[in-house]
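Given the structure is predicted, the values throughout are model-derived calculations rather than measurements. Heavy atoms only: backbone and side chains are in, while hydrogens, waters and symmetry mates are out.
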Amino acid sequence: MSLLSYLSSGDYLSAIILVLSRCFIVFCCLPIHELAHGYIAYKCGDNTAKNSGRLTFNPFAHLNLIGTIMIFFFGIGYANPVPVNPSNFKKPKRDMALVALAGPASNLLMAFIFSFLYCGIGSLVTSYGTLVWAVAYFFYYAAFVNVTLAVFNLIPIPPLDGSKILASVLPDKAYYKYMQYERYVMIALLLLLFTGVLDTPIFYISSAVMRAVMFIPELIF
């Protein structure tokens with residue numbers, strides 16, 4: 001459910017947990033996502049992110065106002081992209097794909113960690129009650145939003161990470177032709193997001209990925 005849905009239904013405790021978990025996403029997980037991009041770029045030979053002060057956990061070096069608002073209201077959003085100069089890579093196509101994959105991979109890793117915390121803390125709910133339930137669901141929401149961010153960013157539409165991965169497999173001529181329509185594709189993406197057309201497919205894909213992420217934690221706990 002969305003934040004507005006919880007508020008309209010009067011489920012204020014879930015709304016508070018959702019807001020807190022999305023604050024955690026904004027001030028912790030989004031910076032890690034961008035830091036992952038910059039770190040892999042650095043390891044592949046590009047110092048641009050480092051020289052721009054973007055190899056940092058400081059959220060204020062990464063956050064974007066519109067992307068942050070989207071996180072709170074829609075559960076998906078973005079930070080300011082880390083600057084990357086592919087000409088510094090030894091193998092530009094391969095290395096750019098690795099840089100692009102690093103962000104969603106960091107989200108899936110965090111989702112996996114938070115799922116362990118959710119299942120571990122959730123196993124104590126019958127003994128300790130409502131407060132433990134609230135903490136457990138905080139981590140569940142944090143895990144699910146991370147999964148959603150990974151799924152969203154892998155859509156092969158500029159400026160999302162998926163478009164950079166697509167560039168690594170498409171012939172240069174085909175990719176440059178595709179990028180000629182970048183502005184129109186971005187506008188279409190924003191319209192689909194704000195009208196809610198993408199909500200259902202993203203939710204179902206994210207739910208399937210979340211079940212996979214939860215598989216091992218649920219086996220253990």
Side-chain angles (χ1 to χ4, degrees), residues 1-37 56-80 102-154 193 196 198-200 202-221:
M1 291 178 67
S2 68
L3 175 60
L4 295 177
S5 299
Y6 283 127
L7 292 173
S8 62
S9 66
D11 189 355
Y12 298 117
L13 177 58
S14 293
I16 291 170
I17 296 169
L18 186 65
V19 168
L20 290 175
S21 66
R22 289 184 178 177
C23 284
F24 184 67
I25 294 293
V26 166
F27 291 104
C28 178
C29 300
L30 283 183
I32 289 174
H33 175 106
E34 295 303 327
L35 174 60
H37 286 311
T56 175
F57 287 101
N58 178 6
F60 298 104
H62 302 288
L63 296 187
N64 176 281
L65 178 61
I66 301 299
T68 298
I69 292 171
M70 287 174 63
I71 285 285
F72 280 105
F73 285 97
F74 304 109
I76 50 178
Y78 55 91
N80 287 321
S106 72
N107 289 123
L108 292 176
L109 176 61
M110 287 185 282
F112 188 67
I113 293 169
F114 298 150
S115 294
F116 263 102
L117 291 171
Y118 163 68
C119 291
I121 296 170
S123 66
L124 304 174
V125 168
T126 53
S127 302
Y128 296 97
T130 303
L131 180 60
V132 172
W133 174 89
V135 174
Y137 270 87
F138 169 89
F139 287 112
Y140 176 83
Y141 288 135
F144 193 83
V145 174
N146 266 289
V147 166
T148 303
L149 285 171
V151 169
F152 175 65
N153 273 286
L154 287 172
L193 283 173
L198 285 180
D199 288 357
T200 298
I202 288 177
F203 174 78
Y204 279 110
I205 296 171
S206 298
S207 296
V209 175
M210 187 67 179
R211 286 193 293 272
V213 167
M214 294 280 290
F215 180 74
I216 293 177
E218 286 180 335
L219 276 181
I220 293 174
F221 295 101

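Atom CG in N58 sits 10.5 Å away from atom CZ in F27 (nearest 0.5 Å). Between atom OG of residue S207 and atom CZ of residue R211 there is a gap of 6.0 Å, rounded to the nearest 0.5 Å. In this structure, L108 CG and M210 CE are separated by 11.0 Å, a value rounded to the nearest 0.5 Å. Here CZ of R22 is found 12.0 Å from CG of L20. Values are rounded to the nearest 0.5 Å. Here the straight-line distance linking atom CD1 of I69 with atom CG of N64 works out to 9.0 Å at 0.5 Å rounding. In this structure, the separation between CH2 on W133 and CD1 on I121 is 13.5 Å, given to the nearest 0.5 Å.
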Less than 3.5 Å apart, which donor and acceptor atoms pair up between the side chains of residues 147-154 and the rest of the protein, not counting sequence neighbours?
residue	atom	partner	partner atom	Å
T148	OG1	F144	O	2.9
N153	ND2	L149	O	2.9

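Minimum heavy-atom separation, N80 to L63: ND2-O, 2.9 Å. When all heavy atoms are compared, the tightest approach of M110 to N146 is CE-OD1, 3.5 Å. In plain terms, the two heavy atoms of S21 and A142 that are nearest each other are CB-N, 4.0 Å. Here the shortest heavy-atom pairing between V213 and S115 reads CG1-OG, 3.4 Å. Closest approach of I216 and F116 over heavy atoms only: CG2-CZ, 3.9 Å. Pairing each heavy atom of C119 with each of P217, the nearest pair is SG-CB, 3.7 Å.
A donor-acceptor distance shorter than 3.5 angstrom exists from the side chain of H62 to the backbone of T56, with no hydrogens or angles considered.
Open room surrounds OH on Y137; 12 or fewer heavy atoms of other groups in view lie less than 6.0 Å from it. Around atom CZ of F221, more than 12 heavy atoms belonging to other residues, nucleotides or ligands sit under 6.0 Å away.
Note: F114 and F139 have tilted aromatic rings, judged against thresholds of 30 and 60 degrees for the angle between ring planes. Below 30°, between 30° and 60°, or above 60°: for Y140 and Y118 the angle between ring planes is between 30° and 60°, a tilted geometry.
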